[in-house]
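Each chain gets a letter, A, B and so on, in the order its sequence line appears, and its residues count up from 1.
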Number of protein chains: 2
Amino acid sequence: MTLTSSSTLATLDRTGPRRITDLAVREGVTQPAMTVLVRVMEESGLVERRGDPADKRVTLVALTEAGTAYVRARRRAGVDEFVRLIDQLEDDEVEALAAALPALQHLAALDSQEREEPKQ
Amino acid sequence: MTLTSSSTLATLDRTGPRRITDLAVREGVTQPAMTVLVRVMEESGLVERRGDPADKRVTLVALTEAGTAYVRARRRAGVDEFVRLIDQLEDDEVEALAAALPALQHLAALDSQEREEPKQ
DNA sequence: GCGGATGTATAAATCGTTCATATAAATCGG
DNA sequence: CCGATTTATATGAACGATTTATACATCCGC
């Protein structure tokens, strides 16, 4: 599992089926790279191609059930790992982390916002 | 600049000259990979090889002045980017972030501690 | 309906990597 | 001390994910 494939699967889980060009831009790779990545993931049964009836050029990429299960399992494993670490913190440290969550969300929002509208 | 080379340069800046095997372990790549990476960085003038007088097998890898300057510039660029984002937060959000720093440091310490002594 | 634009696929080349192996220097057991 | 083993690095072949160049099919505006 490469970084790009993990991220692509997560994107598909978050946003639903997407066309290949769209995925390539979101993941920051070229369209041919995404084409072959989709083929590999398709052969692994994590993903399936659906034609778009409205535009016969595009192939929509969607998570299969196995793909969804995989993404969810991975996410849960990561969450568990975090929980395991946070459980070892002092109570006041956990409170401080929780109190900082809105600021972190705001930071993430500002960052992604700037990525979407570069230097306007 | 690949992820591994950036990380290796940062390691050299933090810890001083290191032997190739050591760097390979720290960066999670094989020794041959680190050997060629060092050669590339040497050709770029970021790094130099020094023989170890105490053990003629080892080649100590050290940052050149240019390498140090590069690492520092990169680090400053990253800090600046963070500052730019944090400046857009509300005052209470910045305070909350600052208050969470000890908890984050504790988390990082717990994590690196577990990596060093795996499942004992 | 034709011409340019758009979405995807394919082929060749590149790059960072691993695996296998070679060489040289250090260390250890007798 | 001396041969055997271990340790540090280097080298070469193969691999896998990627990019660039290009081809092909379909859409869309005029």
Quick one: side chain to side chain contact (heavy atoms under 4.5 Å, CB included) partners of Arg50(A), sequence neighbours excluded? Pro17(A), Glu48(A), Leu60(A), Ala62(A)
Taking only nitrogen or oxygen atoms into account, show me every contact under 3.5 Å that the protein makes with nucleotides 19-24 of chain D, one pair per line with its distance.
residue: dT19(D); atom: OP2; partner: Thr30(A); partner atom: N; Å: 2.9
residue: dT19(D); atom: OP2; partner: Thr30(A); partner atom: OG1; Å: 2.7

Whole angstrom value for the distance that separates P of dT6(C) from CG of Asp22(A): 15 Å
Determine, stepwise, if the pair Leu97(A) / Leu107(B) fulfils side chain to side chain contact (heavy atoms under 4.5 Å, CB included). CA-CA 10 Å; Leu97(A) 270 191; Leu107(B) 271 183; 3.9 Å; yes
Could you please spell out the steps behind the salt bridge (Lys or Arg N to Asp or Glu O under 4.0 Å) verdict for Arg84(B) and Glu114(A)? CA-CA 11 Å; Arg84(B) 214 176 45 68; Glu114(A) 290 186 4; 2.7 Å; yes
Hey, are the side chains of Glu65(A) and Tyr70(A) touching, using non-hydrogen atoms and a 4.5 Å cut-off? no
What are the residues of residues 12-20 of chain B, sorted by number, that bring a heavy atom to within less than 4.0 Å of DNA chain D? Arg19(B), Ile20(B)
Going through the checks in order, is the side chain to side chain contact (heavy atoms under 4.5 Å, CB included) test met by Asp13(B) and Arg72(B)? CA-CA 9 Å; Asp13(B) 185 56; Arg72(B) 301 285 164 83; 2.9 Å; yes
Check DNA chain D against residues 43-59 of chain A and give the residues with a non-hydrogen atom under 4.0 Å, in numerical order. Asp55(A), Lys56(A), Arg57(A)
How long is the line joining CG of Leu3(B) and C1' of dA17(D), in whole Å? 15 Å
Rounded interatomic separation in angstrom, taking CG from Leu23(B) and C1' from dA8(D): 13 Å
Qualifying residues under side chain to side chain contact (heavy atoms under 4.5 Å, CB included), relative to Arg49(A), sequence neighbours excluded: Ile20(A), Val38(A), Arg39(A), Glu42(A), Thr59(A)
Could you tell me the separation between the CZ atom of Arg39(B) and the C1' atom of dT9(D), rounded to a whole number of Å? 13 Å
Are any non-hydrogen side-chain atoms of Leu46(A) and Leu63(A) less than 4.5 angstrom apart? no
Between Val58(B) and the options Asp22(B), Thr21(B), Asp52(B), the side chain to side chain contact (heavy atoms under 4.5 Å, CB included) test singles out Asp52(B)
With a 4.0 Å limit, can you tell me whether Thr35(B) has a side-chain N or O closer than that to the phosphate oxygens OP1/OP2 of dA10(D)? yes
Classify the side-chain pair Ser7(B)/Glu27(B) by whether it contains a donor and acceptor separated by less than 3.5 Å. yes
Ser112(B)-Arg115(B) side chain donor-acceptor pair, cut-off 3.5 Å: no
Met41(B) CE to dG16(C) P, in whole Å, measures 12 Å
Under a 4.5 Å cut-off applied to non-hydrogen side-chain atoms, are Leu110(A) and Gln88(B) in contact? yes
Given side chains that start at C-beta, do those of Val94(A) and Asp87(A) come closer than 4.5 Å, heavy atoms only? no
pair Val47(A)-Leu9(A): side-chain heavy atoms closer than 4.5 Å: yes
Angle of first-five versus last-five pair axes in the helix from dG1(C)-dC30(D) to dG30(C)-dC1(D), to 10 degrees: 20°
Counting only side-chain nitrogens and oxygens, does Thr4(A) get under 4.0 Å of the OP1 or OP2 atom of dT18(D)? yes
What is the distance, to the nearest angstrom, from the CG atom on Leu37(A) to the P atom on dT8(C)? 14 Å
